[in-house]
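Inspection log for the structure reproduced underneath, given as structure tokens.
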Amino acid sequence: MAALFDLHCDTLTRNLYPPFERERETLDNPAFQLALSKVPAGTKWVQCFAVFVPDEVRGDEAAVFFDRCAASFHRQAEAHQDRMACCRSIGEMEAALAAGKTAGLLTVEGGAALAGKLERVRTLYDAGVRMMTITWNGPNELASGHDTAGGFSSFGHEAVSEMERLGILADVSHLNDRSFEDLLSFSKKPFVASHSNARAVCGHRRNLPDEFIREMVRREGLIGLTYCREFLSNDKRGSLDDFYRQVCHFLELGAERCIALGSDYDGAGVHPDLDSVEKSLLIGEYLAAHGIDKTASENLMFGNAWRFFEKWMG
């Protein structure tokens with residue numbers, strides 16, 4: 001049975017941007033890169049659906065925005081309960097897959113969803129959030145993204161500690177280097193880079209330098225390789241060949257048990273090689289045909305992410 005675990009997509013909030021602003025259906029919209037009905041029958045599919053909070057949405061407005069998007073996720077999950085189950089634990093994920101359904105996890109991209117209030121970590125957890133990307137491109141109340149130069153704030157320290165206590169994974173994709181280094185100094189649990197590639201292969205500052213990758217390997221973290229053209233190759237082609245080169249580099253750094261998939265579907269430009277859920281399932285075959293060990297390929301596609309969430313999500 002084909003199996004895939006995708007750590008990041010923006011499908012839930014794709015209606016923030018044209019031409020889909022009037023759409024209420026975002027989990028099974030055939031116009032999107034990812035749609036529940038596009039997942040082939042018989043596939044074990046775990047999908048993280050992010051509430052993307054734009055940088056310009058802050059404070060109470062960000063809190064209301066998150067609450068509205070989370071309600072939409074649960075409403076749509078109920079409407080599509082024959083295809084997807086909204087999961088809050090590894091047991092619920094196992095039950096969903098056993099029933100032939102997509103296991104859907106709610107996540108957040110942008111810590112502004114906390115509105116600078118520590119008690120909202122519990123609000124997010126109660127809504128089903130099990131992973132949060134700390135920033136998007138700019139700064140927020142917690143830390144600074146890759147377009148800015150700051151680090152973590154004192155509130156950011158408190159928020160991550162509370163996330164670790166409750167069981168929301170910290171996601172470092174989009175953090176700038178200073179914020180990443182800050183997190184290394186105070187985090188107590190392994191963390192995730194849900195959609196990031198290697199900077200040594202593609203020089204975009206959104207990608208991880210080798211020393212950060214090695215540190216995540218040492219800490220038994222999890223890194224989702226993204227299909228985004230800009231982050232796969234310097235020429236922005238972003239083909240399967242470019243994805244393969246990224247995988248090879250991570251394997252050279254000893255990351256075989258730390259890499260996963262983080263498509264960034266419906267949030268990024270993607271090469272036709274990778275632009276649908278059906279094509280995602282072909283990645284393993286492509287890698288095997290190009291000499292990647294079968295075990296390493298299966299770990300990338302599903303096994304590493306499953307074991308990580310099984311250990312830290314419970």
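Everything numeric here is computed off the predicted structure, so don't read it as measured data. Starting from 1, each residue takes its place in the sequence as its number.
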### Message
Could you check whether any side-chain heavy atom of C48 comes within less than 4.5 Å of a side-chain heavy atom of H8, counting everything from C-beta outward?
### Response
no
### Query
Are M216 and I223 side-chain neighbours, meaning at least one heavy-atom pair lies under 4.5 Å?
yes
### Summary
Taking every heavy atom of L225 against every heavy atom of V247, the minimum-distance pair comes out as CD1-CG2, 3.7 Å
### Sequence-distant partners of R24, salt bridge (charged side-chain N to carboxylate O under 4.0 Å, His left out), two or more places apart
none
### Message
Ignoring hydrogens, what is the shortest heavy-atom contact between L16 and P54? Give both atom names and the distance.
### Response
CD1-CG, 4.0 Å
### Query
Counting only heavy atoms not in E211, do more than 12 fall under 6.0 Å of its CD?
yes
### Query
Got a sec, which residues hit side chain to side chain contact (heavy atoms under 4.5 Å, CB included) with E230, two or more places apart in sequence or on another chain?
H204, C228, K236
### Message
side chain to side chain contact (heavy atoms under 4.5 Å, CB included), that's the test. Do T102 and V46 meet it? Break it down for me.
### Response
CA-CA 6 Å; T102 296; V46 181; over 6 Å; no
### Message
Can you confirm whether E256 sits close enough to N299 that some side-chain heavy atom of one is under 4.5 Å from a side-chain heavy atom of the other?
### Response
yes
### Query
Under the salt bridge (charged side-chain N to carboxylate O under 4.0 Å, His left out) rule, what pairs show up with a residue in residues 269-289, not counting sequence neighbours?
D275-K279
### Partner residues of E181 under the side chain to side chain contact (heavy atoms under 4.5 Å, CB included) criterion, sequence neighbours left out
F212
### Summary
The complete set of ring pair (Phe, Tyr, Trp, His ring centres under 6.0 Å) pairs with one or both residues in residues 61-88, sequence neighbours excluded, reads F49-F73
### Query
What are the two closest heavy atoms between N197 and N207, and how far apart are they?
N-OD1, 3.0 Å
### Task
Starting from the C-alpha separation in whole Å, work towards a yes-or-no answer on salt bridge (charged side-chain N to carboxylate O under 4.0 Å, His left out) for R75 and E78.
CA-CA 5 Å; R75 173 183 58 78; E78 179 68 21; over 6 Å; no
### Task
For residues C248 and I292, report the shortest heavy-atom separation together with the two atoms involved.
SG-CD1, 4.1 Å
### ring pair (Phe, Tyr, Trp, His ring centres under 6.0 Å) partners of residues 249-282, not counting sequence neighbours, each pair once
Y227-Y265
### Query
Is N137 close to D55 at the side-chain level, that is, under 4.5 Å between some pair of heavy atoms?
yes
### Message
With salt bridge (charged side-chain N to carboxylate O under 4.0 Å, His left out) as the rule and sequence neighbours excluded, what pairs involving residues 113-128 come up?
### Response
D60-K117, D67-R120, R122-D126
### Query
Residues two or more places apart in sequence or in another chain: which of them pass side chain to side chain contact (heavy atoms under 4.5 Å, CB included) with E61?
V57
### Message
Listing request: all side chain to side chain donor-acceptor pair (under 3.5 Å) pairs with a residue in residues 40-54, at least two apart in sequence or in separate chains.
### Response
D6-Q47, W45-Q47
### Query
Do S144 and N176 come within less than 4.5 Å of each other through their side chains, counting heavy atoms only?
yes
### Task
Check the hydrophobic clustering (I, L, V, M, F, W, Y; side-chain heavy atoms under 4.5 Å; chains of links allowed) and say if L282 and Y244 are grouped together.
no
#### Entry: Closest approach of L142 to G111 (non-hydrogen atoms, all atoms of both residues)
CD1-O, 3.5 Å
### Summary
The reported gap from OG1 in T107 to CD1 in I168 (rounded to nearest 0.5 angstrom) is 10.5 Å
### Task
Kindly give the heavy-atom pair with the smallest separation between P190 and E220, and that separation in Å.
CB-O, 3.7 Å
#### Entry: Aromatic Y125 / basic R130 pairing, under 6.0 angstrom, 45° off normal
yes
### Message
Test of understanding: with salt bridge (charged side-chain N to carboxylate O under 4.0 Å, His left out), list the residues that count as partners of R307, not counting sequence neighbours.
### Response
none
### Query
Do E215 and R218 sit within salt-bridge range, that is, some charged N less than 4.0 Å from a carboxylate O?
yes
### Message
For the OG atom of S173 and the CE atom of M131, what is their distance to the nearest 0.5 Å?
### Response
8.5 Å
### Query
What residues, two or more places apart in sequence or in another chain, satisfy side chain to side chain contact (heavy atoms under 4.5 Å, CB included) together with E164?
V160, S187, K188, K189
### Task
Please lay out, stage by stage, how R205 and D147 fare under the test side chain to side chain contact (heavy atoms under 4.5 Å, CB included).
CA-CA 9 Å; R205 61 181 177 272; D147 279 348; 2.8 Å; yes
### Message
Just so I know, are the side chains of F231 and S196 near enough to count as touching, which here means a heavy-atom distance under 4.5 Å?
### Response
no
### Task
For a ring pair (Phe, Tyr, Trp, His ring centres under 6.0 Å) with F191, tell me which candidate from F308, F180, W312 qualifies.
F180
### Query
Does anything in residues 30-40 pair up under side chain to side chain donor-acceptor pair (under 3.5 Å), and if so which pairs, sequence neighbours excluded?
D28-S37
### Query
Would you say the side-chain atoms of T26 and N29 include a donor-acceptor pair closer than 3.5 Å?
no
### Query
Could you give the distance from OG (S153) to CD (E141), rounded to the nearest 0.5 Å?
8.0 Å
### Message
Hydrogens and angles aside, do D171 and S194 bring a side-chain donor and acceptor to less than 3.5 Å of each other?
### Response
yes
### Task
Could you check if a side-chain atom of L184 sits within less than 4.5 angstrom of a side-chain atom of R219, using non-hydrogen atoms only?
yes
### Message
Rounded to the nearest 0.5 Å, what separates atom CG in N140 from atom CG in L114?
### Response
8.5 Å
### Query
Charged N to carboxylate O under 4.0 angstrom, D82 versus K101?
no
### Query
What is the distance from atom CG of L300 to atom CZ of F5, rounded to the nearest 0.5 Å?
13.0 Å
### Query
Is D264 paired with R229 through a side-chain N to carboxylate O contact shorter than 4.0 Å?
no
### Task
Using a 4.5 Å cut-off on heavy atoms from C-beta on, say whether the side chain of R199 contacts that of D177.
yes
